[in-house]
Amino acid sequence: PAANSTYWGVLALRAAGSGVPARTIAYVRNRQHPGGGYAWAVGAAPDSNDTAAAVLALRASGLACSAGSIAHGLGYLKSTQSSAHGYALEPGEVADSQSTSWAIQARHACGLRNRRSRAWLLARELPDGAWNYQPGTTVTPAFVTSQVLPAVHGKWYPIG
């Protein structure tokens, strides 16, 4: 039931230079909710992090950014963006560094600009080089930082 293990599996296969079975790509595409988002598990609500991971998996599998499953996923991500250009886990929530990083990576994979979102993310860097989760909230800084680094360096998964 954990659909995100398949998104991650695709990224791992592509990072290793392996192909992805067509039925796996179909599985990922079929996990998309009507609003364009992807959830971490069957029956769960979609969120920005898993939507971005699914978009990255589909891109890594060779789907074009114009493919409906990717274009609609990017549309869902837009619904999670705040007026300050950060991204939240779900629409209407407060933006956070991890969700912003995932959204930036998915957009990068399709050649989309992220200047304002990247600036929002860079403003979350702490004096010691770690990133905080949200403005004024530092939790699990090593985990947050590890998820932020690809986006702030213009990279996206799979990084090979």
Give every donor-acceptor pair under 3.5 Å between a side-chain atom in residues 18-29 and any protein atom, sequence neighbours left out.
from: R29; atom 1: NE; to: S69; atom 2: OG; distance (Å): 3.1

Can you list, pair by pair, the side-chain donor-acceptor contacts under 3.5 Å of residues 44-56, counting residues two or more places apart and other chains?
from: D47; atom 1: OD1; to: N49; atom 2: N; distance (Å): 3.0
from: D47; atom 1: OD1; to: D50; atom 2: N; distance (Å): 2.8
from: S48; atom 1: OG; to: A88; atom 2: O; distance (Å): 2.8
from: S48; atom 1: OG; to: L89; atom 2: O; distance (Å): 3.4
from: S48; atom 1: OG; to: S99; atom 2: OG; distance (Å): 3.4
from: N49; atom 1: OD1; to: S99; atom 2: OG; distance (Å): 2.9
from: D50; atom 1: OD1; to: N4; atom 2: ND2; distance (Å): 3.4
from: T51; atom 1: OG1; to: Y38; atom 2: N; distance (Å): 2.8
from: T51; atom 1: OG1; to: Y38; atom 2: O; distance (Å): 3.3
from: T51; atom 1: OG1; to: D47; atom 2: O; distance (Å): 2.7

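Pairs engaging residues 5-68 under the disulfide bond (SG atoms under 2.5 Å apart) rule: C65-C110 [sequence neighbours left out]. Sorted by first and then second residue, the ring pair (Phe, Tyr, Trp, His ring centres under 6.0 Å) pairs with a member in residues 132-154 form an empty list; sequence neighbours excluded. Annotation: ring pair (Phe, Tyr, Trp, His ring centres under 6.0 Å) contacts involving residues 84-104, sequence neighbours excluded, comprise W8-W102, W102-Y157.
Summarising the hydrophobic clusters (Ile, Leu, Val, Met, Phe, Trp, Tyr; side-chain heavy atoms under 4.5 Å, direct or chained), the residues clustered with Y76 are none.
When the side chains of ILVMFWY residues are joined at heavy-atom separations under 4.5 Å, either directly or via intervening members, Y7 and I70 end up in a single hydrophobic cluster. Note on L58: it clusters hydrophobically with L112, by side-chain heavy-atom contacts below 4.5 Å among ILVMFWY residues. Tracing side-chain contacts under 4.5 Å through hydrophobic residues (I, L, V, M, F, W, Y), one reaches I159 starting from L11; they form part of the same cluster.
The two residues S61 and V10 make their nearest non-hydrogen contact at OG-CG1, 3.3 Å.
For A84, the side chain to side chain contact (heavy atoms under 4.5 Å, CB included) test picks out S82, W120, with sequence neighbours left out. For T138, the side chain to side chain contact (heavy atoms under 4.5 Å, CB included) partners at least two apart in sequence or on another chain are L126, N132, P141. Evaluation of the side-chain hydrogen bond (donor to acceptor under 3.5 Å, both in side chains) rule for K78 yields Q81 as partners, not counting sequence neighbours. Taking N114 as the reference, I104, R107, H108 meet the side chain to side chain contact (heavy atoms under 4.5 Å, CB included) condition, with sequence neighbours excluded.
For T100 (side chain) and G86 (main-chain N/O), no donor-acceptor pair under 3.5 Å exists by modelled atom type.
Using a 4.5 Å heavy-atom cutoff, the side chains of S97 and Q147 are not in contact. Taking the side chain as every heavy atom from C-beta outward, K155 and Q105 never approach each other to under 4.5 Å.
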